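Note sheet for the following structure.
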Amino acid sequence: MIKHYFKLFLRTFRKKPTYTLINIFGLAVGMASSILIFLFVQHEFSYDTYHEKSDRIFRVSRAWYNQDGAVSLHLGHAAPPFAPLLKSDFEEQIEEAVRVMNTTVIMRDEDKVFKEERFFFADPELFEIFTWKLLKGSPADALSFPDGLVISASMAKKYFGDKDPMGRALELRIGSEIYNGQVRGVMEDIPDNSHFQADFFASMEPVVDFYGGYEAMMANFGSNNFATYLLLEEGVDPDEIGGQLPDFIDRHIAASGQGIPASKGTQLFLWPLTDIHLYSNLDSELEPNSNIEYVYIYGAIAFFF
């Protein structure tokens, strides 16, 4: 059968070489395009799946409602008290909770000065939730020091070349404030298929000081600048927690002057970590995300190509 098709191809090629070459070229382009689209779709669905506990990690979002019940604002960030309060109130269901806050800093090491936008303050539990391997330092306590700083391998090369970065000091300027950080860890570069990229993680202590201390920070439900992540205990149904979040809101945020419960005006939601890249396009995100509709469109094109 194959021999027959080969003879038929040769006969057609001798009679119509240009027509045959055009067909072959078109087939090759179609196949190559389909393969590239398939690889793109596969990559889109792979976001954040590399984390060992990805199926148990959820991000907290916060929405506000008008009097008619319509959503007026929905953020992928939350206020600073929510992470510790959620862990405390749901201690049997939530294993860990962590906050990260992005900011832009001017980083200085002696004569090297750079503007860094992938800079985050983070709670010490960061590496207990996310699987970002530390090449140097201890993931358990790297961010527990007030001046703790974890940098990516690329940033270690950028600032220190082939020298050992551990223990080295970096000056951080944020607005008019200047902080001194000490490199307590070096992590592998975060994979491309992550819903946000970071080159630096710093201790949360300077943020606590900025808010006027721990008590003041825990009383601030209006500063929604923190991406908040939860690691659920194994076997816990996130919907079970989600159903209790209105009562959680009312326990910790006072009712309005007219006696309207806080949960009527604002709510929290849990997003599976692996859904963020394709399904979350809220009013605030750590980085712009993709859209599942684009993936379906490209997939259809590849199928019918």
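It should be emphasised that the depicted structure is a prediction, and the values quoted were computed from it without experimental measurement.
Using a distance-only test at 3.5 Å, with no hydrogens or angles considered, no donor-acceptor pair links the side chain of Ser203 to the main chain of Asp147. No donor-acceptor pair closer than 3.5 Å links the side chain of Asn66 to the backbone N or O of Gly69. Looking only at distances, no side-chain donor or acceptor of Arg62 sits under 3.5 Å from a matching main-chain atom of Thr266. Counting only distance, with no hydrogens or angles, the side chain of Ser152 and the backbone of Met155 share a donor-acceptor pair below 3.5 Å. Of the possible polar contacts, none joining the Glu233 side chain to the Arg56 backbone as a donor-acceptor pair under 3.5 Å is found. A donor-acceptor pair under 3.5 Å is absent between the side-chain atoms of Asp123 and the main chain of Glu125, judged by distance alone. The backbone N or O of Tyr159 sits less than 3.5 Å from a side-chain atom of Lys112, completing a donor-acceptor pair. Listed for the Lys163 side chain is no donor-acceptor partner under 3.5 Å among the backbone atoms of Ala156. Put simply, the side chain of Ser223 never gets that close to the backbone of Asn220: no donor and acceptor are under 3.5 Å apart. Under the 3.5 Å distance criterion, the side-chain polar atoms of Asp109 are left unmatched by any main-chain donor or acceptor of Leu170.
Judged purely by distance below 3.5 Å, without hydrogens or angles, the side chains of Thr131 and Glu52 never pair a donor atom with an acceptor atom. A donor and an acceptor atom, one from each side chain of Ser263 and Asp250, are located under 3.5 Å apart. If you check the side chains of Ser290 and Tyr47, you find no donor sitting under 3.5 Å from an acceptor. A donor and an acceptor atom, one from each side chain of Glu240 and Gln93, are located under 3.5 Å apart. A side-chain donor from one of Ser154 and Asp189 sits under 3.5 Å from a side-chain acceptor of the other. Residues Glu287 and His195 bring no donor and acceptor atom of their side chains to less than 3.5 Å of each other. Side-chain polar atoms of Ser280 and Glu285 form a donor-acceptor pair below 3.5 angstrom. For the residue pair Ser61 / Trp271, a side-chain donor-acceptor distance below 3.5 Å is found, with atom types taken as modelled. Looking only at atom types and distance, the side chain of Arg59 has no donor-acceptor partner in the side chain of Thr228 under 3.5 Å away.
Environment of NZ in Lys136: sparse, with no more than 12 heavy atoms of neighbouring residues, nucleotides or ligands closer than 6.0 Å. The neighbour count for Asp68 CG, taken as heavy atoms of other residues, nucleotides or ligands under 6.0 Å away, is above 12. Other residues, nucleotides and ligands contribute only 12 or fewer heavy atoms inside 6.0 Å of the CZ atom of Phe210.
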- Message: Using the rule given for side chain to side chain contact (heavy atoms under 4.5 Å, CB included), can you reason through His43 versus Asn193, listing the C-alpha separation, both sets of side-chain angles and the distance that settles it, and then say yes or no?
- Response: CA-CA 7 Å; His43 180 72; Asn193 56 337; 3.7 Å; yes
- Stepwise, does the side chain to side chain donor-acceptor pair (under 3.5 Å) test hold for His74 with Asp283? CA-CA 6 Å; His74 196 171; Asp283 295 306; over 6 Å; no
- Using the side chain to side chain contact (heavy atoms under 4.5 Å, CB included) rule, take Phe45 and Ile292 through it: C-alpha gap first, then chi angles, then the decisive distance, then the call. CA-CA 9 Å; Phe45 279 114; Ile292 187 62; 3.8 Å; yes
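With a 6.0 Å cutoff to the six-membered ring centre and a 45° limit on the axis angle, Lys264 does not count as a cation-pi contact of Tyr65.
In this pair, Tyr229 and Phe130 present their aromatic rings perpendicular. The plane angle is above 60°, beyond the 30 to 60° band.
Among all heavy-atom pairs drawn from Leu231 and Glu128, the shortest one is CD2-O, 4.0 Å.
Checked against side chain to side chain donor-acceptor pair (under 3.5 Å), Glu96 has the following partners two or more places apart in sequence or in another chain: Lys87.
Salt bridge Asp141/Arg184: absent, no basic N to carboxylate O contact under 4.0 Å.
The distance between the ring centers of Phe201 and Trp132 falls below 6.0 angstrom. Aromatic ring centres of Phe226 and Phe121: separated by at least 6.0 Å.
Atom NE2 of His252 and atom CG of Asp247 lie 10.5 Å apart (nearest 0.5 Å). Atom CD in Glu293 sits 9.5 Å away from atom CG in Asn281 (nearest 0.5 Å). The CD1 atom of Ile297 lies 11.5 Å from the CD1 atom of Ile37; values are rounded to the nearest 0.5 Å. Rounded to the nearest 0.5 angstrom, Asp89 CG and Leu245 CG are separated by 10.0 Å.
Note: the hydrophobic cluster containing Tyr179 also contains Val208 (ILVMFWY, side chain heavy atoms under 4.5 Å, direct or indirect links). Criterion: ILVMFWY side-chain heavy atoms under 4.5 Å apart, direct or through other members. Under it, Val98 and Phe196 are part of a common hydrophobic cluster. Hydrophobic clustering, with ILVMFWY side chains joined whenever heavy atoms are under 4.5 angstrom apart, groups Leu149 together with Val207.
Looking at Glu116, Glu117, Met187, Arg118 one by one, the single match for side chain to side chain contact (heavy atoms under 4.5 Å, CB included) with Phe200 turns out to be Glu116.
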